[in-house]
Amino acid sequence: MIDKVRNMGNGLHVEDRSGKGNRSRRRGVLQFISSAQMRTLDEQTIQEIGLPAAVLIENAGRAIAAEVVRFCLDQKVHKVNRGGQGRLQRRIWDEYPNGVSNPNSLELEHWLVLVGKGNNGADGIAAARYLVDSGLCVTLLYATSEQEMSIETLAQAAIAQKLGIPSKLYGRDDLAYGQFTGIIDALLGTGSRGNPRGNVAEMIDQANLTGLPIMCADIPSGVDADTGALYHPCIQARVTLCLGVLKAGLTQYPGAHAAGTVVVRSIGIPAKLAANVKPAGFVLTDEILERELGVDPARLRDSDGHKGTYGHVLVAAGSSTMSGAGLLASKAALRAGCGLATWALPEALAPHVAGAVPELMLAPVGGSMGWGAAAAHEVLRLLETRDVLAVGPGLGRFEEEGAFLRALWEGAPRPLVVDADALNILAAAGGLAAWKRRESATILTPHPGEMARLAGVSTAEVQRDRLGLARAFALEHGITLVLKGSRTVVAAPDGRIFVNTTGTPGMATGGAGDVLTGIIAGQLAQGLSAEQAAAFGVHLHGLAGERAAALRNSPASLLAGDIIEQL
Ligand SMILES: NC(=O)C1=CN([C@@H]2O[C@H](COP(=O)(O)OP(=O)(O)OC[C@H]3O[C@@H](n4cnc5c(N)ncnc54)[C@H](O)[C@@H]3O)[C@@H](O)[C@H]2O)[C@H](O)CC1
Ligand SMILES: [K+]
């Protein structure tokens, strides 16, 4: 079973705990859902199937406790006694088969469980029981008195009391945080709304201040489970044990950062029920590329193919001060596997870049006027014998820019990739609402600033709900959207969304976007649909970036051209 998503740097790392060791990081079927969908699933399981809430909470508690124990063992490289008693210890032993002596190692651990009044708190109390049975010391810290607790939380609190698990009530009892080795955040889950308030807010602040490792039940308290936006205050966790199904907000920053390593564990919701839920989106893995998008990541070239088989990309890009943009996009298209590439560029630029990429054809356009309406007609003429047009990188701003882009938008009967300056031109000319819907495939590849201009909102608003905005924009305008940034979101015109799993912070460098545009155009030329090309393109771009960064001493030294070399 693939059940782990690790947040490291910009990457989303999927791990396999089937006992066969880690397979490729990008395998598995990982879908995410909204908090409303999760609540519905919980309710259906409890009311329609008849599985009691207490059973789900029991499973949640056991999963959280197992993760805490794993965390303690990993942290301290403690080994578990082969003869450990009880289900949890046997389980630990399964996962640490080479462990040796020190049955008492977990007794040195003293975890504080922050218990909210809702069912997230119930999960935390159940986890405390399993931790005590595993030999850890545990103290419960209640945010509210019993009168305010949900039925399930109250029931769990009563069990904990009968078992003599020490507990305190926040605000009434004194507490010395120095005695603890870790904290479980079971304050707020999917029932959370807005900024944490009252005791809950104070407990979050204090937990963060301790500097102790924090493990979250389901989501970090203070993270929006649907968008990944942060409320204030918000838990900063080391690990988040996401219950049942991955929550959408944990795939996007800054929520992903607050969550730390995200582990998704089953709590007993029947697979049959879960299968009926239309996912809010998918994490891009090899399986998702294949199953959801019909892309074979390992596809080979036909043995009888020729350069015509793989399509011809036309790139309209570059200006005197940004000649590299066109070069990077065109070269990336070739490395992505298109048969041929032509770079349409301002005439004055051509002598300076001739021969820079010998495999590339140059097509000077626009005469002494450079980009403009006349150049657009030349580009369209060139496109008659080419398969795909990519426009935008390094164009700069120029007179007649609106007429130039509109001519290409309306006149290009081929798949079109719109990037960089072309997106700003589009926004300045009224945005997509003012433009005709194109019949051929159209992919827009904005970074958050360009997206903000296109959507007429601030960049902060874009980042607050990248998934929701990308989906709504793609649906409304019938285009495929690639919303760049860490965890790039690909939104298809049918409303499906995919979150990229590959990449490295080193890719935040000039020209990396031009390379992506070229890769996507290269995939389109080979016959992929817009959403296939966009999703596979961002996936490959990130993989190549990771490889390129690994070859350097520091990811910071990565150049966009290095990404191309690793394709
Ligand atoms: N639904 C189930 O049966 C199961 C859920 N699981 C876990 O439970 C939570 C969701 O539980 P729920 O009771 O719906 O909500 P919360 O625990 O998140 O608590 C909501 C609680 O807190 C109050 N509240 C809401 N927002 C705030 C705020 N900003 N500040 C302070 N207080 C707030 C609100 O009034 C509610 O009373 C889910 O995440 C799972 O962890 C089980 O795992 C399985 C069964
Ligand atoms: K929580």
Side-chain angles (χ1 to χ4, degrees), residues 33-65 67 113-127 141-157 170 183-205 207-208 214-226 229-247 249-250 255 258-260 262 264-270 273-274:
I33 64 176
S34 68
S35 53
Q37 286 177 306
M38 191 67 218
R39 278 198 303 277
T40 307
L41 253 185
D42 280 340
E43 276 166 30
Q44 285 175 341
T45 306
I46 296 161
Q47 278 153 27
E48 290 173 25
I49 304 297
L51 207 58
V55 170
L56 300 180
I57 288 164
E58 197 67 17
N59 292 339
R62 192 187 297 118
I64 295 162
E67 201 58 37
V113 185
L114 309 179
V115 183
K117 63 180 176 176
N119 285 1
N120 194 249
D123 294 343
I125 307 173
L141 180 60
Y142 290 107
T144 62
S145 61
E146 290 179 351
Q147 289 79 357
E148 293 185 53
M149 289 177 188
S150 72
I151 294 168
E152 300 298 337
T153 311
L154 192 60
Q156 292 294 335
Y170 182 84
I183 295 176
I184 293 178
D185 156 35
L187 287 169
L188 297 171
T190 49
S192 170
R193 295 286 168 273
N195 288 325
R197 301 177 296 272
N199 285 356
V200 169
E202 288 180 25
M203 290 164 81
I204 291 171
D205 274 334
N208 287 335
I214 302 178
M215 167 125 12
C216 299
D218 208 14
I219 57 168
S221 298
V223 165
D224 187 308
D226 297 332
L230 302 191
Y231 295 111
H232 184 77
C234 171
I235 285 284
Q236 293 295 328
R238 204 72 77 76
V239 181
T240 294
L241 197 287
C242 190
L243 299 164
V245 187
L246 182 62
K247 312 298 180 301
L250 299 181
V262 178
V264 186
R265 285 289 190 196
S266 162
I267 56 167
I269 290 170
L273 275 189

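Order of listing sets the numbers, starting from 1, for every ligand and every atom in it. Just the heavy atoms: all of them, side chains too, but no hydrogens, waters or symmetry mates, feed the values below.
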Of the choices Asp123, Thr153, Leu41, which has the non-hydrogen atom that lies closest to atom 42 (C) of ligand 1?
-> Asp123
Is atom CD of Glu146 surrounded by more than 12 heavy atoms (other residues, nucleotides or ligands) closer than 6.0 Å?
-> no
Among the heavy atoms of Ala217, does any lie under 4.0 Å from an atom of ligand 1?
-> no
Is the closest heavy-atom distance from Pro196 to ligand 1 below 4.0 Å?
-> yes
Checking only N/O/S atoms, does Thr240 have one that is under 3.4 Å from the K ion (ligand 2)?
-> no
How about Ile219: does one of its N, O or S atoms come closer than 3.4 Å to the K ion (ligand 2)?
-> yes
The option among Thr40, Leu188, Ile269 carrying the non-hydrogen atom nearest to atom 24 (N) of ligand 1 is Leu188
Backbone of Met215 reached by a side-chain donor or acceptor of Asp185 within 3.5 Å = no
Looking only at heavy atoms of Ser150, does any of them come nearer than 4.0 Å to an atom of ligand 1?
-> no
Does Leu188 bring an N, O or S atom to under 3.4 Å of the K ion (ligand 2)?
-> yes
Where's the contact between Lys117 and ligand 1, heavy-atom distance under 4.0 Å: side chain, backbone, both or neither?
-> side chain
Given Ala54, Gly118, Ser35, which one has a non-hydrogen atom that is nearest to atom 19 (O) of ligand 1?
-> Gly118
Backbone or side chain, does Asp218 get an N/O/S atom under 3.4 Å to the K ion (ligand 2)?
-> no
Heavy-atom contacts under 4.0 Å between Thr190 and ligand 1: side chain, backbone, both, or neither?
-> both
Presence of salt bridge, Lys247 and Asp218, under 4.0 angstrom = yes
The K ion (ligand 2) reached by Ala217 (N, O or S, under 3.4 Å) = yes
The one among Leu187, Asn195, Asn119 that brings a heavy atom closest to atom 11 (O) of ligand 1 = Asn119
